[in-house]
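Here's the structure we're looking at; comments come further down.
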Amino acid sequence: LRAAKGRVAQADAEVERARINERRLGSLLQRKALSQDEYDTARVELGRALAVLETRRAEAERTADDVSRHQLRAPFAGTIVKRHIELGQWLDVGDPCFVIEDTSMLRAKLSVPQRYFDEVSVGAAAQIRFDAVPGKVYNAAVSRKPPLVRSAGRSFEVWLDIDNPAQQLVPGLSLQASLLLDAARS
């Protein structure tokens, strides 16, 4: 796109040079210091420069259109966590390009021993500590308690949604969590 814009600027400069030359030779023609043929050549040169400028502008517009049609736009603001393509690679419609994650809210999935099943409810408070951010405690709440107990581990899963507006945390970090159990049921 920059090259196309550069060619437009170059053609614009050629038009300006041809205009100056045509005006100068027109002045000489009026004073009978120049032949009509030499002036006509200058006018033709100006017309040619204008035609080249129009061609260069059309090429620049077409290039800008091509670039805009070939840009990838994410459907939401996020972080690229995986790249499936290389620079210059041809793509077909529907080819995967990137994996993008919105990390402003992270979800932790915890395994809780089944004996606490009745004592954990959606909305229960939790405190989370990440090994990667020592000394900082994050507050969260149980956002979901899927109704399924894992028979192999005798545990069930709870989900915690963690606000991460400063993007301090990244997916996959190990953590320790403490859940506030329902005292009425225990």
Side-chain angles (χ1 to χ4, degrees), residues 1-29 34 36-110 128-134 136 138-144 146 157 159-175 177:
L1 186 57
R2 275 187 265 154
K5 288 180 179 179
R7 287 189 292 274
V8 168
Q10 184 180 19
D12 202 25
E14 281 297 315
V15 165
E16 185 59 27
R17 185 193 62 73
R19 275 196 178 116
I20 291 169
N21 192 41
E22 188 264 341
R23 279 189 224 120
R24 186 174 45 82
L25 294 179
S27 173
L28 290 173
L29 180 65
L34 185 73
Q36 182 68 42
D37 188 44
E38 290 174 298
Y39 176 72
D40 290 343
T41 300
R43 283 181 47 127
V44 167
E45 182 61 30
L46 175 59
R48 188 197 64 74
L50 286 168
V52 168
L53 176 60
E54 281 305 307
T55 301
R56 298 291 184 252
R57 282 183 179 157
E59 289 170 353
E61 286 175 16
R62 186 177 64 233
T63 301
D65 183 53
D66 285 347
V67 167
S68 72
R69 285 187 296 114
H70 292 88
Q71 288 180 343
L72 298 175
R73 289 187 179 83
F76 57 88
T79 303
I80 295 174
V81 294
K82 188 169 185 180
R83 181 179 180 159
H84 295 285
I85 59 171
E86 296 299 323
L87 185 63
Q89 178 180 336
W90 287 97
L91 301 172
D92 289 324
V93 172
D95 283 351
C97 299
F98 300 98
V99 174
I100 302 171
E101 291 185 4
D102 177 6
T103 56
S104 63
M105 175 74 73
L106 297 179
R107 175 165 289 150
K109 295 181 180 180
L110 308 177
I128 303 169
R129 290 174 179 78
F130 290 90
D131 295 338
V133 189
K136 180 148 175 137
Y138 292 84
N139 292 315
V142 174
S143 61
R144 184 157 187 239
E157 192 173 85
W159 296 3
L160 305 176
D161 288 338
I162 307 155
D163 283 329
N164 187 30
Q167 308 290 313
Q168 230 181 349
L169 305 170
V170 294
L173 293 177
S174 59
L175 61 88

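Position 1 is the first residue of the sequence; numbering continues from there. Computed from a predicted structure; not experimentally measured.
Taking the side chain as every heavy atom from C-beta outward, Ile128 and Ile162 approach each other to under 4.5 Å. Put simply, the side chain of Arg7 reaches to within 4.5 Å of the side chain of Glu59, judged on heavy atoms. Counting heavy atoms from C-beta on, the side chains of Tyr138 and Asp163 never come closer than 4.5 Å. The side-chain heavy atoms of Leu169 and Val133, taken from C-beta on, include a pair separated by under 4.5 Å. By the 4.5 Å heavy-atom criterion applied to side chains, Glu157 and Pro146 are counted as neighbours. Side-chain contact between Ser104 and Asn164: absent, with no pair of heavy atoms (C-beta onward) separated by less than 4.5 Å. Residues Arg19 and Leu50 meet the side-chain proximity criterion, which asks for heavy atoms closer than 4.5 Å. Residues Ile85 and Leu72 meet the side-chain proximity criterion, which asks for heavy atoms closer than 4.5 Å.
The line from CZ of Arg24 to CG of Leu28 is 6.5 Å long, rounded to the nearest 0.5 Å. Here the straight-line distance linking atom CD of Glu22 with atom OG of Ser27 works out to 11.0 Å at 0.5 Å rounding. Taken to the nearest 0.5 Å, the CZ atom of Phe98 stands 13.0 Å off from the OG1 atom of Thr79. Here the CZ-CG distance, from Arg23 to Leu46, works out to 9.0 Å after rounding to the nearest 0.5 Å. Here the straight-line distance linking atom CG of Leu160 with atom CG of Leu110 works out to 4.5 Å at 0.5 Å rounding. Taking CG of Asp12 as the reference point, atom CZ of Arg57 lies at 6.0 Å (rounded to 0.5 Å).
Counted by atom type alone, Thr103 and Gln167 present one or more donor-acceptor pairs between their side chains at under 3.5 Å. When only modelled atom types and interatomic distance are considered, Asp40 and Gln36 share a side-chain donor-acceptor pair under 3.5 Å. Side-chain atoms of Ser174 and Asp131 form a donor-acceptor pair, as typed in the model, at a separation below 3.5 Å.
For Glu14 and Arg17, the salt-bridge test passes: some basic side-chain N is under 4.0 Å from an acidic carboxylate O.
At most 12 heavy atoms of other shown residues, nucleotides or ligands fall within 6.0 angstrom of atom CZ in Arg2.
With sequence neighbours left out, Arg144 forms a salt bridge (charged side-chain N to carboxylate O under 4.0 Å, His left out) with no residue at all.
Judged by distance alone, with hydrogens and angles left aside, the side-chain atoms of Gln89 form a donor-acceptor pair with the main-chain N or O of Glu86 at under 3.5 Å. In terms of modelled atom types and a separation under 3.5 Å, the side chain of Ser143 and the main chain of Trp159 share a donor-acceptor contact.
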